[in-house]
2 protein chains.
Amino acid sequence: MDRKAEKILNRIVQNGYRRTNARQAIVTALVNSAGHITADDLADNVREKEPHIGRMTVYRTLELLCELGVVRPIFQGTGAAHYILMDNGGHHHLICNRCHNVMEFEECSAAMVMEKVAKQFNFHISSHLLELHGLCEECNEISSHQ
Amino acid sequence: MDRKAEKILNRIVQNGYRRTNARQAIVTALVNSAGHITADDLADNVREKEPHIGRMTVYRTLELLCELGVVRPIFQGTGAAHYILMDNGGHHHLICNRCHNVMEFEECSAAMVMEKVAKQFNFHISSHLLELHGLCEECNEISSHQ
DNA sequence: GGTATACTTGATACAAAATATCAGTAAAGG
DNA sequence: CCTTTACTGATATTTTGTATCAAGTATACC
């Protein structure tokens, strides 16, 4: 069992919810998905190993994980919601408005900013999401050629 | 006509799309909605004044505005996507995992961070979204009392 | 101002995604 | 092992979003 998955399952138990086989399988699949996946794709992954697990349970588990702050649904391009793992602190995305490509980046100096805000509002931050929207290098060139 | 709406409509024209009555009405309603609204609610608002405008057109206009980077769909609690206006540079949200309250804050020192990233990736940033997830003051107290 | 053209619109039908329900099942605590 | 209560999963249903296509309208050109 993955350590990351274990951590999330503990969080579930600590909040008074039960540790079930379905939840174990779903959380494990979620962690293995690298943290970017739709509910339906996650359901498919889970059912490869445990075919008896229903779609509904996957949706419900994701809802629970949202409530616990483990996961956050976002739109990525078009179609269904993508769930991203927030348990590791944060996500940093560069999102191109034209090609909808998502690039991830690391950036820790943002931490300073957050600390400041947290103090001001007396808010207990558990994770964050920073999205920078615009045009990636390639799409920007196309634009300027028109 | 609102200046903000005017600016968005200009952006539409500058990108080779037409300035139509439907788009004017939709953009105006969007700006008046304070920038947090679902597609269907927006359609309702638009149709109060212009009942002939179809739901489909609202969806299509929002799609166009996404492409232009004017708007960004996010999940807020449950149900349909909420569209937030990105035209004024950025959004800064504090989102409580427990009560799902969304507080907005201003924070400009984040600009430095973004500049750095933009250079590194040669990415042309037009707007940004920074979400800090955790527990608000009130919910944090409830937690520690348990 | 009139006309041609291509873009835009809106009614309808359709597909996809998410939710409600409820009988059956399994986890936790004794 | 037994009881209680939360959880599950098949199904049906609602909600949300998309495809289609004839009719309409904005723009460019004359």
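Because the structure is predicted, anything quoted here is derived from the model rather than measured. Letters go in sequence order (proteins before strands), and every chain restarts at 1.
Listed pair H52(B) / dG10(C) meets the phosphate criterion, a side-chain N or O lying under 4.0 Å from OP1 or OP2.
Going from atom OH of Y59(B) over to atom C1' of dT20(D) covers 18 Å, rounded to whole Å. With rounding to whole Å, L64(B) atom CG is found 14 Å from dT18(D) atom P. As rounded to whole Å, 15 Å separates atom C1' of dC7(C) from atom CG of N15(B). L62(A) places its CG atom 13 Å from the C1' atom of dA17(C), with the value rounded to the nearest Å. Going from atom CE of M56(B) over to atom C1' of dA11(C) covers 11 Å, rounded to whole Å. Protein atom NE2 of H82(A) is 10 Å distant from nucleotide atom P of dA18(C), rounded to whole Å. R23(B) places its CZ atom 11 Å from the P atom of dC7(C), with the value rounded to the nearest Å. At whole-Å resolution of the value, CD1 in I12(B) and C1' in dC7(C) are 14 Å apart.
In this pair, F75(B) and F75(A) present their aromatic rings parallel. The plane angle is below 30°, not in the 30 to 60° band. Classification of the H36(B)-H93(B) ring pair by plane angle, with boundaries at 30° and 60°, yields tilted.
Side-chain N/O atoms of R60(B) and base N/O atoms of dG17(D) include no donor-acceptor pair closer than 3.5 Å.
A salt bridge links R55(A) to D44(A): at least one charged side-chain nitrogen sits closer than 4.0 Å to a carboxylate oxygen. We find that R19(B) and E6(B) are joined by a salt bridge, their nearest charged nitrogen and carboxylate oxygen being less than 4.0 Å apart.
Between the side chains of H92(B) and H128(B), a donor-acceptor pair is found at a separation under 3.5 Å.
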Which atom pairs link the protein and nucleotides 27-30 of chain C when you take only N or O atoms and keep those under 3.5 Å?
| unit_1 | atom_1 | unit_2 | atom_2 | d |
| --- | --- | --- | --- | --- |
| dA27(C) | OP1 | N21(A) | ND2 | 3.4 |
| dA27(C) | N3 | R18(A) | NH1 | 3.3 |
| dA28(C) | OP1 | R19(A) | N | 3.2 |

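At a threshold of 4.0 angstrom between heavy atoms, the contacts of R55(B) include nucleobase atoms, whether or not backbone atoms are also involved.
Sequence order on DNA chain D of the closest nucleotides to E63(B) and R47(A) puts R47(A) first from the 5' end.
Taken from CG in L94(B) to CD1 in I125(A), the straight-line distance is 6.5 Å, to the nearest 0.5 Å.
Side chain of I53(A), nearest nucleotide from dT8(D), dG9(D), dA18(C): dG9(D). Of the listed nucleotides (dT8(D), dG17(D), dA20(C)), dT8(D) has the atom at the smallest distance from the side chain of T57(A).
Side-chain contact between R72(A) and I74(B): present, with at least one pair of heavy atoms (C-beta onward) separated by less than 4.5 Å.
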